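From a predicted model like this one, the values you see are computed outputs, not experimental measurements. Side-chain atoms are counted along with the backbone in the values below, which use heavy atoms only and exclude waters and symmetry mates. Every chain is numbered from 1 and lettered A, B, ... according to where its sequence line falls, protein lines coming before strand lines.
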Amino acid sequence: DVVMTQSPLSLPVTLGQPASISCRSSQSLVHSDGNTYLHWFQQRPGQSPRRLIYKVSNRDSGVPDRFSGSGSGTDFTLKISRVEAEDVGVYYCMQGTHWPWTFGQGTKVEIK
Amino acid sequence: EVQLVESGGGLVQPGGSLRLSCAASGFTFRSYWMTWVRQAPGKGLEWVANINQDGSHKSYVDSVKGRFTISRDNAKNSLYLEMNSLRAEDTAVYYCVRAGGVGSVDYWGQGTLVTVSS
């Protein structure tokens, strides 16, 4: 199975400051169809996960533009340009290129 | 508006069985792959099973193969997860999730808690 490794696992951030989460995969996530199925999810406390970014860098509808995704191959990053209070929660990367689909361990973002 | 509403969770003894249901609305259910994802208390996310649009293709994570069965009824806009020989390690919130395109999931239900304990 493809192992997804996120870092850091805990990220204390000052309001208004940027934040960055890394996600590395044990194999390339480039699919035979040429797409890279790497996605990012946000899970606020007590809520279900919500997709933020799909296929590396595409923001879902309604997602603030302070969230951005980048990367290629095995190395990916989620960035929050200016953290707001509503961004507190756990962030997961997920790969859908290889069976079984797998998630990272999660990164907990909290306000300092 | 896409809605996914799970039901059927509860407390069950080790070795017991449970059937989860998911009622879908707000989209053309028969056109989408569907997925079950679980989350053990205080832990991360784990994909459990997928099913394609007509139910002819199913995939499972190794830890549930032979014990869990995913199915769907497109006439009822419903997804199911039949769980047998349950173990303590199956304790989790189970989410019904729409597979929004190749290799991804998009909309999630609110989840239903399954607790396996004597």
(request) Flag the pair V105(B) / F41(A) as yes when at least one side-chain heavy-atom distance between them is below 4.5 Å, and no otherwise. (result) yes

(request) Determine whether more than 12 heavy atoms belonging to other residues, nucleotides or ligands lie under 6.0 Å from atom NZ of K58(B). (result) yes

(message) Counting only non-hydrogen atoms closer than 4.5 Å, does N50(B) touch chain A with its backbone (N, CA, C, O), its side chain (CB onward), both, or neither?
(response) side chain

(request) Please report the shortest heavy-atom distance between Y37(A) and G103(B), naming the atom on each side. (result) CB-O, 3.7 Å

(message) I need the minimum non-hydrogen distance between G109(B) and S48(A), along with the two atoms involved.
(response) O-OG, 2.6 Å

(request) Please say whether more than 12 non-hydrogen atoms of neighbouring residues, nucleotides or ligands are located less than 6.0 Å from CZ in R30(B). (result) no

(message) What's the separation between atom OG in S104(B) and atom CG in N35(A), rounded to the nearest 0.5 Å?
(response) 11.0 Å

(message) Around atom CZ of R82(A), are there more than 12 heavy atoms from other residues, nucleotides or ligands closer than 6.0 Å?
(response) no

(request) Determine whether V5(B) and L20(B) fall in the same hydrophobic cluster, where Ile, Leu, Val, Met, Phe, Trp and Tyr are linked whenever their side-chain heavy atoms lie under 4.5 Å apart. (result) no

(request) Check whether more than 12 heavy atoms from other residues, nucleotides or ligands sit under 6.0 Å from atom CZ of R59(A), and answer yes or no. (result) yes

(request) Search all heavy atoms of W47(B) against all heavy atoms of W101(A) and return the closest pair with its distance. (result) CB-O, 3.6 Å

(request) Of all the heavy-atom pairs spanning Q43(A) and Y95(B), show the shortest one and how long it is. (result) NE2-OH, 3.3 Å

(message) With rounding to the nearest 0.5 angstrom, report the CD to OH distance, Q39(B) to Y92(A).
(response) 4.5 Å

(message) Is there a continuous path of hydrophobic side-chain contacts, each under 4.5 Å between heavy atoms, that joins V109(A) to L15(A)?
(response) yes

(request) Group every Ile, Leu, Val, Met, Phe, Trp and Tyr by side-chain heavy-atom contacts under 4.5 Å, then state whether Y80(B) and V97(B) land in the same group. (result) no

(request) Between chain A and each of Y107(B), W108(B), Y60(B), count heavy-atom pairs under 4.5 Å; write down the option with the most. (result) W108(B)

(request) Can you see which heavy atom on W99(A) is nearest to which on W33(B), and at what distance? (result) CH2-CZ3, 4.2 Å

